[in-house]
2 protein chains.
Amino acid sequence: MDTKHIISTEDRHNLLTGRIFMHVSRFLGQQFKANDIGLTREQWTILVVLWKQDGVSQQTIADETGRDKPSTTRLIDNLEKDGYISRQPDAKDRRLNIIVLTEKGKALEDKIMPVANKTLETLTHGLTEAQLLTVKEVFATIYENIDAHK
Amino acid sequence: MDTKHIISTEDRHNLLTGRIFMHVSRFLGQQFKANDIGLTREQWTILVVLWKQDGVSQQTIADETGRDKPSTTRLIDNLEKDGYISRQPDAKDRRLNIIVLTEKGKALEDKIMPVANKTLETLTHGLTEAQLLTVKEVFATIYENIDAHK
DNA sequence: TAATTATAGTTGTTTATGCAACTACAAAAT
DNA sequence: ATTTTGTAGTTGCATAAACAACTATAATTA
């Protein structure tokens, strides 16, 4: 037995099939629901961008959340329909939609973020900073590997 | 500055929003497509279970891949429609569908797995065994944290 | 300035997920 | 033996993602 290879090919596959993400995603959605938050996990990621910096283009949101444009368009459709944001034409570049939080959208931050943070704590309970740092490094390397392949 | 906290809350959020998984998933799908593999990443995860152990119930596949039953039903619908697998009634328990690979499904393994393994190598290029082991441990802890919360 | 190229956003289509509600069958309890 | 409870699988509905094809506008270049 080759003790150098403590990670099997199967392990590697498991890391990449997204199982963990599916579970985390489901769990976060359930926590939202249990706290009467009528937002999907995906919609929340859009609002996080806007809470950090209000008034950015859809393309910026797409880049920040790692989505393509069509997916972003539709998430924004739904958020606008539910009254959390509004699209406003950019004064200088008529191609751009500037996405702006409504009062309802702004107010939501204080309701959701405690739930998100608590969920985050639950999920990372028992993990060390060193472990999380390694995960961060690993993810960064994977991003680089993908980019290098384009 | 508190040097103990090298991982910010924002970092933690990034780890959990699934961005990395979206990118990995997209990349794997693109590699499949580039190699003329007419399977989705999700369908592939089902076949991986069957290549390891042919003739299991849908529930087993659901458990192994971390999906709920409806999702599994529909993935199996599509795989059956495309002729990779077939549903067979269990002799002893008439509730069960036993999922069996067709010849076409069996033959696919030799075509896909080299592509999947190569993609895996590309993605994990430059990562050490120790780093991957840590990721494995972190994921295991997160699973435990989710289970403990039910 | 006119033509070309690039960018921002939308729409159509296919596939997948989550949850709830349902049917069919099996196992356990009474 | 009958009722109750649990398990396997399906269907309906809403949301989301990937990709391709499209429109509108801006920037480049010839």
Side-chain angles (χ1 to χ4, degrees), chain A residues 17-34 37-46 56-82 85 87-99 146, chain B residues 17-34 37-46 56-82 85 87-99 146:
Chain A
T17 51
R19 275 194 59 174
I20 185 69
F21 168 68
M22 285 173 62
H23 284 263
V24 166
S25 176
R26 214 178 294 160
F27 185 67
L28 187 55
Q30 287 162 352
Q31 296 307 114
F32 277 2
K33 194 165 195 179
I37 292 168
L39 271 193
T40 64
R41 190 190 59 76
E42 292 83 1
Q43 292 172 333
W44 168 70
T45 63
I46 305 285
V56 297
S57 71
Q58 293 192 193
Q59 185 61 58
T60 300
I61 293 175
D63 294 340
E64 292 278 324
T65 61
R67 289 186 174 83
D68 66 0
K69 284 186 292 191
S71 295
T72 307
T73 289
R74 278 149 179 152
L75 286 172
I76 286 172
D77 284 347
N78 285 336
L79 284 168
E80 189 173 36
K81 181 158 51 70
D82 292 342
I85 61 174
R87 284 174 162 100
Q88 303 197 352
D90 185 271
K92 293 177 183 169
D93 187 336
R94 292 164 57 196
R95 289 172 302 181
L96 273 63
N97 283 343
I98 302 299
I99 309 302
I146 291 175
Chain B
T17 52
R19 274 194 59 174
I20 183 69
F21 168 66
M22 284 173 61
H23 284 263
V24 166
S25 177
R26 213 177 294 159
F27 185 66
L28 188 54
Q30 288 162 351
Q31 295 308 112
F32 277 2
K33 195 164 196 179
I37 292 168
L39 271 192
T40 64
R41 190 190 59 77
E42 292 82 0
Q43 291 173 331
W44 168 71
T45 64
I46 305 286
V56 296
S57 71
Q58 293 191 193
Q59 186 61 59
T60 300
I61 293 175
D63 294 340
E64 292 277 323
T65 62
R67 290 186 172 83
D68 64 1
K69 282 186 293 190
S71 295
T72 307
T73 291
R74 277 147 179 154
L75 287 172
I76 286 173
D77 284 346
N78 286 335
L79 284 168
E80 188 173 36
K81 181 157 52 69
D82 292 342
I85 61 174
R87 284 173 162 100
Q88 303 197 352
D90 185 270
K92 293 176 183 170
D93 188 337
R94 288 165 58 195
R95 291 172 300 182
L96 276 63
N97 284 341
I98 301 300
I99 309 302
I146 291 175

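Worth knowing before you read on, the calculation uses all heavy atoms, side chains too, and leaves out hydrogens, waters and symmetry mates. Residue numbering restarts at 1 for every chain, and letters A, B, ... go by the order of the sequence lines.
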Taken to the nearest whole Å, CD/B/Gln43 to C1'/C/dT14 is 11 Å
For the student: nearest non-hydrogen atoms of B/Val56 and B/Ile61, plus distance: CG2-CG1, 3.6 Å
Spacing of A/Arg41 atom CZ relative to C/dG18 atom C1', expressed in whole Å: 12 Å
Under 4.0 Å between any heavy atoms, over every strand shown, what does A/Asp77 touch: base, sugar-phosphate, or nothing? Just pick one. nothing
Who are the side chain to side chain donor-acceptor pair (under 3.5 Å) partners of B/Gln59, not counting sequence neighbours? B/Asp63
Separation of C/dA16 C1' from B/Arg67 CZ (nearest whole Å): 8 Å
Which residues pass the side-chain contact (heavy atoms from CB on, under 4.5 Å) test with A/Gln43, not counting sequence neighbours? A/Leu39, A/Thr40, A/Leu75, A/Asn78, A/Leu79, A/Asp82
Whole angstrom is fine here: how far is it from CD in A/Gln58 over to C1' in C/dT7? 13 Å
Nearest heavy-atom neighbours spanning B/Thr65 and B/Thr45: CG2-O, 3.7 Å
According to side-chain contact (heavy atoms from CB on, under 4.5 Å), who are the partners of B/Phe21, at least two apart in sequence or on a separate chain? A/Phe21, B/Ser25, B/Arg41
Please list, by residue number, the residues of residues 26-34 of chain A whose heavy atoms come closer than 4.0 Å to an atom of DNA chain D; answer none if no residue qualifies. none
Tabulate atom names and distances for all N/O pairs under 3.5 angstrom spanning the protein and nucleotides 23-28 of chain C.
{"unit_1": "C/dC25", "atom_1": "OP1", "unit_2": "B/Arg94", "atom_2": "NH2", "d": "3.2"}
{"unit_1": "C/dA26", "atom_1": "OP1", "unit_2": "B/Arg94", "atom_2": "N", "d": "3.1"}
{"unit_1": "C/dA26", "atom_1": "O4'", "unit_2": "B/Arg95", "atom_2": "NE", "d": "3.3"}

Side-chain donor-acceptor pairs of residues 92-99 of chain B under 3.5 Å, sequence neighbours excluded:
{"unit_1": "B/Asp93", "atom_1": "OD1", "unit_2": "B/Arg95", "atom_2": "N", "d": "2.9"}
{"unit_1": "B/Asp93", "atom_1": "OD1", "unit_2": "B/Arg95", "atom_2": "NE", "d": "3.1"}
{"unit_1": "B/Asp93", "atom_1": "OD2", "unit_2": "B/Arg95", "atom_2": "NE", "d": "3.4"}
{"unit_1": "B/Asp93", "atom_1": "OD2", "unit_2": "B/Arg95", "atom_2": "NH2", "d": "2.8"}
{"unit_1": "B/Asn97", "atom_1": "ND2", "unit_2": "B/Gln58", "atom_2": "OE1", "d": "3.1"}

Considering only residues two or more places apart or on different chains, which pairs with a residue in residues 66-79 of chain A satisfy salt bridge (charged side-chain N to carboxylate O under 4.0 Å, His left out)? A/Asp77-A/Arg87
Between A/Ser57 and A/His23, who's closer to the 5' end of DNA chain C by nearest nucleotide? A/Ser57
Are A/Trp44 and A/Leu28 close enough that some pair of their side-chain heavy atoms sits under 4.5 Å apart? yes
Applying side-chain contact (heavy atoms from CB on, under 4.5 Å), can you list everything that pairs with B/Arg26, at least two apart in sequence or on another chain? B/Met22, B/His23, B/Gln30
Identify, between B/Met22 and B/Ile76, the residue whose nearest nucleotide on DNA chain D lies closer to the 5' end. B/Ile76
Under a 4.0 Å heavy-atom criterion, DNA chain D is touched by chain B from D/dG6 to D/dC19
Quick one: list whatever passes side chain to side chain donor-acceptor pair (under 3.5 Å) with B/Asp90, sequence neighbours left out. none
Taking CD from A/Glu64 and P from C/dA8, how many angstroms apart are they, rounded to a whole number? 14 Å
CD1 of A/Ile46 to OG of A/Ser71: how many Å apart, nearest 0.5 Å? 9.0 Å
Residues from residues 68-75 of chain A lying under 4.0 Å of DNA chain D - heavy atoms: A/Asp68, A/Pro70, A/Ser71, A/Arg74, A/Leu75
